[in-house]
Amino acid sequence: MLTAKNLIFHPEQAIATCGRGDQVAIVTSRISVKNEKLENWTREHRDLVTATTGRDSSLAVKNAKIWQQRATRPVARPGCARDEGGARTPDPDFRNHLVNLYSKCRFFVYARKVVDESPEPDLVSWSALISGYAQHGFGFEYDERLFDAIPERSVVSWNALFSSYVQGDFYKEAVDLFREMQMHCLGKYPNMFTLSSALKACAGVGLKEFGRQLHCSLIKMDGGRFESDNYVVNSLIDTYGKCGHVEDAATIFKKYPVVDLMAFTSMIATYAQDGQGEEALKLYLEMQDRGVNPDSFVCSSLLNACANLSAYEQGKQVHVHIIKLGFMSDIFAGNSLVNMYAKCGSIDDADRAFSEIPERGIVSWSAMIGGLAQHGHGKGALQLFNQMLKDGVSPNHITLVSVLCACNHAGLVTEAKQYFQSMEKLFGIQPMQEHYACMIDLLGRAGKLDEAMELVNTMPFQANASVWGALLGAARIHKNIELGQHAAEMLFALEPNKSGTHVLLANIYASVGMWENVAMVRRFMKDSKVKKEPGMSWIEVKDKVYTFIVGDSSHARTFEIYAKLDELSDLLNKAGYVPMVEIDLHDVERNEKERLLLHHSEKLAVAFGLIATPPGATIRVKKNLRVCMDCHTALKFISKIVSREIIVRDINRFHHFKDGSCSCRDYW
């Protein structure tokens with residue numbers, strides 16, 4: 001409870017309590033410590049809290065200065081002590097409260113003056129000053145100078161500077177400070193607060209082993225009793241999750257009995273970010289069983305999990321939960337809805353979700369522009385981008401990547417050049433690797449190979465794997481052997497174990513009949529023990545996601561699936577489809593190649609969708625790799641034969657197959 005005495009000796013608490021530091025200061029400056037009774041002070045303070053509604057605290061500081069001046073008069077009063085000359089000086093407690101008040105009200109000049117004029121400023125004053133700078137975002141350089149001025153440091157002062165780094169997202173500096181603290185203090189100072197903050201810093205920079213060391217320190221320091229501290233347990237889950245140790249995060253989550261909303265949020269987000277969408281959805285059901293009510297962040301993580309799985313139906317169910325829980329006005333939930341629907345293949349639903357966001361920020365606009373780009377609606381994406389600019393929202397580098405991707409997928413070379421060349425002048429954003437990769441990919445696909453290479457040679461930094469991968473893809477499209485070999489050589493140096501480079505190079509050789517070179521690539525892969533990444537496809541049927549690999553026979557309805565494929569094969573042949581056996585690199589007869597192509601994972605997923613969903617229903621499939629040319633051709637035929645829309649999301653974009661054609665117009 002805030003008493004009248006606290007109004008004098010804890011003014012910062014009064015400000016925080018009633019939101020009227022100016023009026024509290026007036027009351028306290030009028031009160032005579034010597035004559036007024038405590039009950040009168042309490043009553044006046046209570047009336048003030050009831051009647052007032054927030055203004056600035058400048059008058060509080062003015063009156064604090066009056067208190068400070070009174071405290072130096074040679075009159076005995078609380079909070080004062082006699083110095084050698086007979087004058088009264090504020091005692092340490094009173095002085096510390098003054099520093100705290102000035103710091104919280106952003107009057108750092110006054111706070112520093114109190115510290116400098118103190119005969120022996122103690123650690124509490126220094127720490128209050130450091131915390132004040134950190135809380136008001138003045139940058140850790142201020143705190144460093146103050147910290148260096150402290151003659152003798154304690155855990156409080158170390159923690160104050162440590163908190164300054166973490167609050168400012170200077171995670172690397174925070175980790176370095178923790179190591180310095182360990183070295184200088186020989187393990188004397190870190191406490192539970194220090195280690196919890198260190199875990200947050202560790203999560204921020206993704207230091208896996210450092211996180212384990214902190215976990216061990218917690219066990220040694222606390223004897224394993226830290227599981228009673230929810231904040232520490234949640235910090236551990238978050239740290240392991242962000243560092244990629246998903247199993248360790250799950251172990252901690254399951255081990256400790258006190259699991260709250262924050263723990264569920266961290267664990268669900270960990271599963272979603274790791275691509276384990278099904279585990280995230282299972283955990284949400286467990287959360288409901290335990291009676292823990294979700295917040296908007298949990299719903300956002302669930303939507304991201306559905307987006308990663310392309311689980312359209314489950315995403316719609318989460319949408320219903322968001323409506324029931326009243327989170328539709330939440331900006332995070334709204335952005336996640338746009339992202340989920342776009343990545344689940346329903347750009348119309350994404351557009352509706354986007355239109356319902358009350359206050360659209362740059363994340364909202366970028367999500368919708370990116371969704372339109374992935375679906376091949378290049379002109380629509382550019383129109384939305386121009387609308388964003390008219391609404392006064394400035395783009396960031398992610399928005400401009402989406403704009404260039406939209407131009408790329410739609411073959412809008414002229415427009416892309418205009419945006420790329422003017423992005424620094426118009427928006428103050430220098431092109432990064434991602435922007436260059438988009439432009440090089442676009443130029444390559446459009447057949448402007450010389451321009452693409454010129455851009456590579458004039459880049460202000462070394463080309464990365466994305467750039468050389470774009471050139472290799474362009475070489476495949478245009479059957480340019482020389483460019484393909486050069487790009488492949490660069491990729492072999494950058495990513496020696498990535499099988500996709502070998503496969504694309506072999507496909508380039510196969511497209512021009514260089515079968516000896518194809519065999520050479522296959523031998524090189526075998527000798528180098530480079531394993532081809534298996535193609536995988538996912539399809540959602542009745543709230544469950546099914547996974548298929550090439551030649552998969554693990555499904556409960558395997559016999560029906562392959563029977564459907566045989567039926568489709570006959571219909572495809574009659575419709576004029578010819579299997580593209582040249583893209584299959586196996587050293588087998590033509591009939592076997594045709595069989596292997598027929599059993600690609602996306603064809604298996606589509607066949608299952610045809611037997612497991614109602615006639616006319618849209619089939620949605622996700623593929624982990626780029627959809628191959630043979631499957632692309634076959635799916636165009638199938639969409640016309642069965643009169644269904646088939647939506648395939650591959651690693652690059654969406655393909656909407658309908659009535660025998662694809663939305664990409666064979667430009668992918």
Side-chain angles (χ1 to χ4, degrees), residues 272-273 275 277 280-281 296 299-320 322-323 327-328 330-358 360-385 387-388 393 395-396 398-410 434 438 537-540 545 618-624 626-627 645-658 662-664 668:
Q273 291 164 8
L281 293 168
S296 60
C299 293
S300 295
S301 295
L302 288 170
L303 289 170
N304 291 333
C306 294
N308 291 334
L309 288 169
S310 286
Y312 177 68
E313 295 299 330
Q314 293 182 71
K316 288 201 297 183
Q317 291 179 25
V318 177
H319 189 173
V320 172
I322 289 174
I323 294 172
F327 296 146
M328 283 303 295
D330 183 86
I331 188 69
F332 296 103
N335 293 339
S336 296
L337 275 172
V338 174
N339 179 62
M340 183 275 293
Y341 280 125
K343 289 187 175 178
C344 287
S346 181
I347 199 66
D348 291 337
D349 285 329
D351 185 51
R352 278 190 288 272
F354 175 75
S355 66
E356 292 174 2
I357 297 176
R360 302 178 196 126
I362 186 58
V363 177
S364 311
W365 289 97
S366 297
M368 193 63 218
I369 292 169
L372 289 167
Q374 278 198 318
H375 285 266
H377 300 299
K379 292 184 178 179
L382 298 186
Q383 288 173 359
L384 190 64
F385 177 68
Q387 183 61 50
M388 182 190 83
V393 180
N396 57 21
I398 297 174
T399 318
L400 292 172
V401 168
S402 296
V403 167
L404 293 175
C405 285
C407 296
N408 187 6
H409 293 319
E434 299 96 321
C438 283
S537 295
W538 294 265
I539 182 172
E540 182 192 27
V545 177
T618 300
I619 295 173
R620 305 172 193 272
V621 175
K622 178 189 172 185
K623 177 78 184 288
N624 68 325
R626 180 181 178 276
V627 62
E645 182 179 8
I646 301 171
I647 301 174
V648 177
R649 169 187 166 191
D650 71 6
I651 197 171
N652 291 325
R653 60 167 299 157
F654 278 89
H655 300 266
H656 294 251
F657 299 97
K658 190 174 183 180
C662 179
S663 60
C664 74
W668 91 104

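Residues take their numbers from the sequence shown, with the count starting at 1.
Nearest heavy-atom pair across I362 and N396 is CG1-ND2, 3.6 Å. Contact detail for S346 and Y312: the closest heavy-atom pair is CB-CE1, 3.6 Å. Contact detail for A342 and G371: the closest heavy-atom pair is CB-CA, 3.9 Å. For the residue pair N408 and C438, the shortest heavy atom distance occurs at ND2-O, 4.0 Å. Shortest non-hydrogen contact noted between S402 and S366 is OG-O, 4.1 Å. When all heavy atoms of I331 and G361 are compared, the closest pair comes out as CD1-N, 4.5 Å.
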I would like to know whether N304 and S301 meet side-chain hydrogen bond (donor to acceptor under 3.5 Å, both in side chains); could you show each step before the answer? CA-CA 5 Å; N304 291 333; S301 295; 5.3 Å; no

Could you go step by step and tell me if I322 and L303 meet the side-chain contact (heavy atoms from CB on, under 4.5 Å) rule? CA-CA 10 Å; I322 289 174; L303 289 170; 3.5 Å; yes

I347 and M368: CA distance, side-chain angles, deciding distance, side-chain contact (heavy atoms from CB on, under 4.5 Å) verdict: CA-CA 9 Å; I347 199 66; M368 193 63 218; 3.9 Å; yes

Which is it for M388 and T399 under the side-chain contact (heavy atoms from CB on, under 4.5 Å) test, yes or no, and what are the steps along the way? CA-CA 10 Å; M388 182 190 83; T399 318; 4.1 Å; yes

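For the side chain to side chain contact (heavy atoms under 4.5 Å, CB included) test, residues two or more places apart in sequence or in another chain that qualify with Q273 are A269. In this structure W538 satisfies the ring pair (Phe, Tyr, Trp, His ring centres under 6.0 Å) test with no other residue, sequence neighbours excluded.
A distance-only check finds a donor-acceptor pair linking the side chain of R620 to the backbone of C344 [under 3.5 Å]. R649 contributes a side-chain N or O that, together with a main-chain N or O of K343, makes up a donor-acceptor pair within less than 3.5 Å. Between the side chain of H409 and the backbone N or O of G378, no donor-acceptor pair lies under 3.5 Å. N339 contributes no side-chain N or O that, together with a main-chain N or O of A367, makes up a donor-acceptor pair within less than 3.5 Å. At least one donor-acceptor pair under 3.5 Å links the side chain of E540 to the backbone N or O of E313.
Taking CZ from F385 and SG from C407, the interatomic distance works out to 9.5 Å, rounded to the nearest 0.5 Å. Taking CD1 of I647 as the reference point, atom CD1 of I619 lies at 10.0 Å (rounded to 0.5 Å). Of the inter-residue distances, the one linking L382 atom CG with L372 atom CG reads 9.5 Å to the nearest 0.5 angstrom. Separation of atoms SG (C662) and CZ (F654) is listed at 12.0 Å; rounding is to 0.5 Å. A distance of 5.0 Å separates CG in L281 from CD in Q314, rounded to the nearest 0.5 Å. Remark: S300 OG to D330 CG distance equals 6.0 Å, nearest 0.5 Å.
Using a 4.5 Å cut-off on side-chain heavy atoms (C-beta onward), D348 and R352 make contact. For the pair M328/H319, a side-chain contact is recorded, criterion being any heavy-atom separation below 4.5 Å from C-beta on. Side chains of V393 and R360 form no contact here, defined as non-hydrogen atoms less than 4.5 Å apart.
For F354 and W365, the ring centers sit closer than 6.0 Å to each other.
Looking only at atom types and distance, the side chain of E645 has a donor-acceptor partner in the side chain of H656 under 3.5 Å away.
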